[in-house]
Amino acid sequence: MGESSSSVSIDVERIWFGGKEHIVQTSYGSVSVAVFGDQEKPALVTYPDVALNYMSCFQGLFFCPEAASLLLHNFCIYHISPPGHELGAGPISSDVPLPSVDDLADQVAEVLDFFRLKAVMCMGVTAGAYILTLFASRYRDRVIGLILVSPLCKTPSWTQWLYTKVMSNLLYFYGMCGLAKEFLLQRYFSKEVRGSTQFLESDIVQACRSLLDERRVVNVWRFLETMNGRHDLTKDLKNLQCRTLIFVGDSSPFHSDALHMISKLDRRYSVLVEVQECGSVVTEEQPHAMLIPMEYFFMGYGLYRPCNPNSSPRSPLSPSCISPEMLSPESMGVKLKPIRTRIL
């Protein structure tokens, strides 16, 4: 567990906010954790979707100056990568047993033990949202809040299971081929940014396509197989002891999963934000859509974004301009209207 874990620090200063990456040894194998910010501050733990890591899943959000100031002012960020998804990862040996989703949730607990973290805020995207929700259901006193982007909470539907199996077989037999990339990009992004015969694909899709080439295919295949064997968390949702903020794009293939999840959560402490013309990875495709809901959410914990007169006034929120009613637990049960933040 945490007391017996060891870590190897990679002394490479990341360009992205100067973080440092640690390889933490756990009972379920090694895991990469990139740490950004002041470790004396409260912790925000992130977990990305399949075939992504913190650079390809969260950099859009953290490159948004207003969101970065909100998050880094209030938290130290701990980016956990799925096993073998970190930059420069080698292939995981076939002798290593395939982890279950429960193993990955327990691995998160061991990472917290290593860094001596108690209760944390969590932010996950799709598969990562499932792992952190499972973690919150198993370790209820260690999660103070959940921010979930296009989350999963049920077992795969027949069509989801078959779709994932096809993608898994493509990876297994053909590697990160063009068709496998298209499957993944459809999972992440709306058709508007993926492009068409009339329009070029956006920069974020081109960057993601390039980053997928760097993934070790066997490691992606393992995570897909693990997620395809996930179990239903529906019965555990009512017992979560934290507030939950859910984002989902209306073009996400997991839109119905998010609607199911919000219907099962305690509506006094949960909010759904639907983002128009957006796919699953809202953190990359429309990160500005997350700013105002996150500010409201964090103010329920007494947190705020520092005022910067030199920054663009995208979000006018400050502690003095929010009514007390918005910070009450009952307000968390209001489904926010769809919002459109695309910059044309």
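Partners of Asp141 under the side-chain contact (heavy atoms from CB on, under 4.5 Å) rule, at least two apart in sequence or in another chain, do not exist in this structure. Applying the side-chain contact (heavy atoms from CB on, under 4.5 Å) criterion to Arg216, with sequence neighbours excluded, gives Pro91, Asn219. The side-chain contact (heavy atoms from CB on, under 4.5 Å) test applied to Leu162 returns no partner, not counting sequence neighbours.
The pair Arg138-Asp236 does not count as a salt bridge, with every side-chain nitrogen at least 4.0 angstrom from each carboxylate oxygen.
Residues Gln286 and Cys278 come closest through the heavy atom pair NE2-CB, 3.5 Å. When every heavy atom of Thr283 is checked against every heavy atom of Cys57, the shortest pair comes out as OG1-O, 2.5 Å.
Using a 4.5 Å cut-off on side-chain heavy atoms (C-beta onward), Val31 and Glu110 make no contact. In this structure the side chain of Lys41 never reaches within 4.5 angstrom of the side chain of Leu72, judged on heavy atoms. Residues Ser190 and Glu285 meet the side-chain proximity criterion, which asks for heavy atoms closer than 4.5 Å. Side-chain contact between Glu66 and Glu295: absent, with no pair of heavy atoms (C-beta onward) separated by less than 4.5 Å.
Donor-acceptor pairing under 3.5 Å is recorded for the side chains of Tyr139 and Asp106. When only modelled atom types and interatomic distance are considered, Glu225 and Ser168 share a side-chain donor-acceptor pair under 3.5 Å. Between the side chains of Ser100 and Asp103, a donor-acceptor pair is found at a separation under 3.5 Å. Defined by atom type and a distance below 3.5 Å, a donor-acceptor pair is present between the side-chain atoms of Thr234 and His260.
Under the side-chain contact (heavy atoms from CB on, under 4.5 Å) rule, Ser150 has a single partner from Val248, Ile246, Val125, which is Val248. Of the candidates Phe58, Phe75, Tyr54, Tyr54 is the only one forming a ring-ring contact (aromatic ring centres under 6.0 Å, His included) with Phe36.
Within a 6.0 Å radius of OH in Tyr172, other residues, nucleotides and ligands contribute 12 heavy atoms or fewer. Heavy atoms from other residues, nucleotides or ligands lying under 6.0 Å from NZ of Lys238 number more than 12.
Proximity of a side-chain donor or acceptor of Arg243 to a complementary backbone N or O of Val271 within less than 3.5 Å is not detected. Within the 3.5 Å criterion, the main-chain N or O of Ser56 finds a donor-acceptor partner in the side chain of Asn53.
Atom CG of Leu71 and atom CE of Met294 lie 4.5 Å apart (nearest 0.5 Å).
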